[in-house]
Amino acid sequence: MRKFTLQSATLGDIDGQGYAFTKRTFEGREVQGILFVDDEQDVEALQQEDELIYEGALYYRRKTQGPREEHESFPVEITGVLSTGMGHRVSFSAVETV
């Protein structure tokens with residue numbers, strides 16, 4: 001299976017590199033994602049926002065072929081923040097199932 005690649009994406013008003021992907025759960029299809037942000041102040045600003053919109057690549061997982069990629073925009077909530085060598089990794093999940 002092809003791997004997901006980091007692409008230019010936006011979370012709220014903050015630009016970064018990341019992607020979102022679908023994941024099957026017992027409740028249906030869920031969307032999760034990550035975004036790498038350089039500035040710690042940007043991460044703090046994201047955590048203060050009430051409503052965040054992700055805009056960027058969304059990968060749909062498929063069993064028979066590699067993932068299908070589309071450009072999507074949808075509301076998300078932050079599930080975690082981790083400091084890495086590439087900056088800060090912001091994990092998120094979609095507010096609604098796809």
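The structure displayed is predicted, hence computed values, not measured ones.
- Contact check for Val31 versus Arg29: no side-chain heavy atoms found under the 4.5 Å cut-off.
- For the atom pair CZ (Phe92) and CD (Gln32), the distance works out to 9.5 Å, reported to the nearest 0.5 Å.
- Residues Ala9 and Leu35 come closest through the heavy atom pair CB-CD1, 3.7 Å.
- By the 4.5 Å heavy-atom criterion applied to side chains, Phe36 and Leu6 are counted as neighbours.
- Shown here is Asp13, whose CG atom has no more than 12 heavy atoms of other residues, nucleotides or ligands within 6.0 Å.
- Taking a 6.0 Å sphere around CD of Glu51, one finds it holds 12 or fewer heavy atoms contributed by other residues, nucleotides or ligands.
- Of the inter-residue distances, the one linking His88 atom NE2 with Ile14 atom CD1 reads 12.0 Å to the nearest 0.5 angstrom.
- In this structure, the side chains of Ile53 and Ser73 come closer than 4.5 Å at one or more pairs of heavy atoms.
- At least one donor-acceptor pair closer than 3.5 Å links the side chain of Thr25 to the backbone N or O of Gly28.
- In the hydrophobic clustering of this structure, Tyr54 groups with Tyr60; members are Ile, Leu, Val, Met, Phe, Trp, Tyr whose side-chain heavy atoms approach within less than 4.5 Å, directly or through other members.
- Side-chain atoms of Ser91 never come within 3.5 Å of backbone atoms of Thr79 as a donor-acceptor pair (strictly under, hydrogens ignored).
- Between Ile34 and Tyr19 there is a side-chain heavy-atom pair separated by less than 4.5 Å.
- Shown here for Ala57 and His71, the closest heavy-atom pair between the two residues is N-ND1, 4.4 Å.
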